[in-house]
Amino acid sequence: MFYNLLYPLHTSISAFNVFRYITFRTIYAVLTAFLIAFLLGPWFIRKLSQMQVGQYVRDDGPQTHLKKAGTPTMGGTLIIFAVAVSTLLWADLTNFYVWMVLLVLVGFGAVGFMDDYLKQVVKRSKGLSGRGKLVFQSILALITGVLVVSHPGFNTQVTLPFFKHISPDLGWWYVLFAVFVIVGASNAVNLTDGLDGLAIGPMTIAAATYMIFAYVAGNIKVADYLQLQYVAGCGEVTVFCGAIIGAGLGFLWFNAYPAQVFMGDVGSLSLGGSLGAVAVITKQEIVLVIVGGLFVMEALSVIFQVGYFKLTHGKRIFRMAPLHHHFELKGWPEPKVIVRFWIIAIALALLSMSTLKLR
Ligand code: 57M
């Protein structure tokens with residue numbers, strides 16, 4: 001909004017020229033989102049407690065989790081609010097991709113909100129059915145995929161990390177590919193969200209990585225120099241990624257061990273979906289497997305565990321899936337699992353960034 005309202009005035013007030021720069025606006029998007037989440041956090045947590053939106057904890061999980069029962073959840077609502085307000089203030093509101101990522105953020109947030117609301121407020125313990133969630137997520141991702149692919153200038157080639165000469169063109173199949181990336185990312189982040197700060201830490205790291213990818217892909221000179229696909233207009237998504245970093249850090253303040261609040265499905269589904277949408281828009285789709293490698297590891301641990309469990313009628317590969325429970329049951333204290341998983345996420349983010357050069 002500032003870009004649209006104030007930048008045009010730079011001809012009379014030259015200081016307003018600064019609003020032209022994506023880098024400047026991104027820094028302020030980080031700070032604005034951080035302050036919103038940080039300052040509203042205590043009030044928001046109190047409201048959630050008053051409304052008795054407290055977490056129900058399953059008794060078949062690690063015993064250390066039983067003491068977490070009643071922790072306020074649905075903190076993701078505050079994350080979405082902070083990201084949306086900050087993006088609306090600092091991004092160019094005539095930019096198509098900005099509206100696409102906001103659509104995914106709010107749309108997937110609404111699906112998660114419904115699930116949490118049924119569980120926490122209506123006290124329907126299972127919330128939305130798994131299939132119900134998947135249908136809503138797929139419809140939203142399909143709409144996003146169709147709109148993005150129809151946007152003039154967006155090409156349907158897939159970028160492969162490390163191989164600059166191989167970029168298969170999927171044509172309209174790209175829409176289904178985009179649905180897979182967005183819905184997959186959303187659910188993988190949701191599965192990871194099972195220890196204090198375990199999802200929001202790596203999410204913030206992934207947003208920082210895509211902040212760089214978005215800037216690079218949206219800048220014709222830098223994209224050309226690095227021989228990356230240039231996506232006209234996707235530079236504005238840098239501001240959105242910055243807002244996720246800020247809101248993520250603000251939320252982590254309260255979600256750090258021992259957590260005063262959980263994000264709920266409203267947070268995990270919307271953040272994961274947004275990350276997938278950013279990967280699609282910046283044309284760094286496959287590299288998401290590395291950037292979000294931790295989320296992928298967690299999701300694969302569930303797939304293998306459930307598959308093996310069914311095939312062998314009750315045998316397990318891990319002590320418990322998702323993977324973080326396995327290490328908890330091996331006796332690692334919760335903060336150790338969390339910080340070690342963050343370390344892995346940082347290493348993977350660095351590895352993914354090396355693909356900008358190693359091509
Ligand atoms: C949600 N939700 C947390 C919180 C958070 C197929 C199956 C593997 C699915 C999986 C599942 O349901 N995963 C998705 C995981 C829950 O957190 C809430 O959910 C939101 C995210 N959607 O924001 O509102 C619990 O996680 C803990 N937590 C924290 N700190 C946080 O910041 O400590 C969350 C956020 C909270 C809290 O304890 O209550 C969850 O884990 O339920 N299912 C599972 O994860 C279950 N795994 C399982 O059944 N594994 C089986 C195989 C054969 C499928 C096995 O390995 O034997 C486990 N989950 C739990 N107990 N809680 C097992 C038992």
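Start at 1 and go down the list; that is how both ligands and their atoms are numbered.
- Every residue meeting the side chain to side chain contact (heavy atoms under 4.5 Å, CB included) condition with Ala37, not counting sequence neighbours, appears here in chain and number order: Ala82.
- Under the salt bridge (Lys or Arg N to Asp or Glu O under 4.0 Å) criterion, Asp196 pairs with Lys68, sequence neighbours left out.
- Ring geometry, Phe19 versus Phe2: the interplanar angle falls from 30° to 60°, so the pair is classed tilted.
- The aromatic rings of Phe96 and His151 sit parallel to each other, their planes meeting at less than 30°, with 60° as the upper class boundary.
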Show the short N or O contacts, below 3.5 Å, that ligand 1 makes with protein N or O atoms; if there are none, say 'none'.
{"from": "ligand 1", "atom 1": "22 (N)", "to": "Asn190", "atom 2": "OD1", "distance (Å)": "2.4"}
{"from": "ligand 1", "atom 1": "22 (N)", "to": "Asp265", "atom 2": "OD1", "distance (Å)": "2.4"}
{"from": "ligand 1", "atom 1": "23 (O)", "to": "Asp193", "atom 2": "OD2", "distance (Å)": "2.5"}
{"from": "ligand 1", "atom 1": "23 (O)", "to": "Gly264", "atom 2": "N", "distance (Å)": "2.6"}
{"from": "ligand 1", "atom 1": "24 (O)", "to": "Gln55", "atom 2": "OE1", "distance (Å)": "2.6"}
{"from": "ligand 1", "atom 1": "24 (O)", "to": "Thr73", "atom 2": "OG1", "distance (Å)": "2.9"}
{"from": "ligand 1", "atom 1": "26 (O)", "to": "Gly194", "atom 2": "O", "distance (Å)": "3.4"}
{"from": "ligand 1", "atom 1": "28 (N)", "to": "Gly194", "atom 2": "O", "distance (Å)": "3.3"}
{"from": "ligand 1", "atom 1": "30 (N)", "to": "Asp196", "atom 2": "N", "distance (Å)": "3.2"}
{"from": "ligand 1", "atom 1": "30 (N)", "to": "Asp196", "atom 2": "OD1", "distance (Å)": "2.7"}
{"from": "ligand 1", "atom 1": "32 (O)", "to": "Leu195", "atom 2": "O", "distance (Å)": "3.4"}
{"from": "ligand 1", "atom 1": "32 (O)", "to": "Asn255", "atom 2": "ND2", "distance (Å)": "3.0"}
{"from": "ligand 1", "atom 1": "33 (O)", "to": "Lys68", "atom 2": "NZ", "distance (Å)": "2.8"}
{"from": "ligand 1", "atom 1": "33 (O)", "to": "Gly194", "atom 2": "O", "distance (Å)": "3.3"}
{"from": "ligand 1", "atom 1": "33 (O)", "to": "Asp196", "atom 2": "OD1", "distance (Å)": "3.3"}
{"from": "ligand 1", "atom 1": "38 (O)", "to": "His65", "atom 2": "ND1", "distance (Å)": "2.7"}
{"from": "ligand 1", "atom 1": "47 (N)", "to": "Ala321", "atom 2": "O", "distance (Å)": "2.9"}
{"from": "ligand 1", "atom 1": "49 (O)", "to": "Arg58", "atom 2": "NH2", "distance (Å)": "3.4"}
{"from": "ligand 1", "atom 1": "50 (N)", "to": "Ala321", "atom 2": "O", "distance (Å)": "3.1"}
{"from": "ligand 1", "atom 1": "56 (O)", "to": "Gln305", "atom 2": "NE2", "distance (Å)": "2.8"}
{"from": "ligand 1", "atom 1": "56 (O)", "to": "Ala321", "atom 2": "N", "distance (Å)": "2.7"}
{"from": "ligand 1", "atom 1": "57 (O)", "to": "Arg316", "atom 2": "NE", "distance (Å)": "2.7"}
{"from": "ligand 1", "atom 1": "57 (O)", "to": "Arg316", "atom 2": "NH2", "distance (Å)": "3.0"}

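- Here the CD1 atom belonging to Ile182 is positioned 12.0 Å from the CG atom belonging to Asn187, to the nearest 0.5 angstrom.
- Every residue two or more places apart in sequence or in another chain was checked for a side chain to side chain donor-acceptor pair (under 3.5 Å) with Asp59, and none qualifies.
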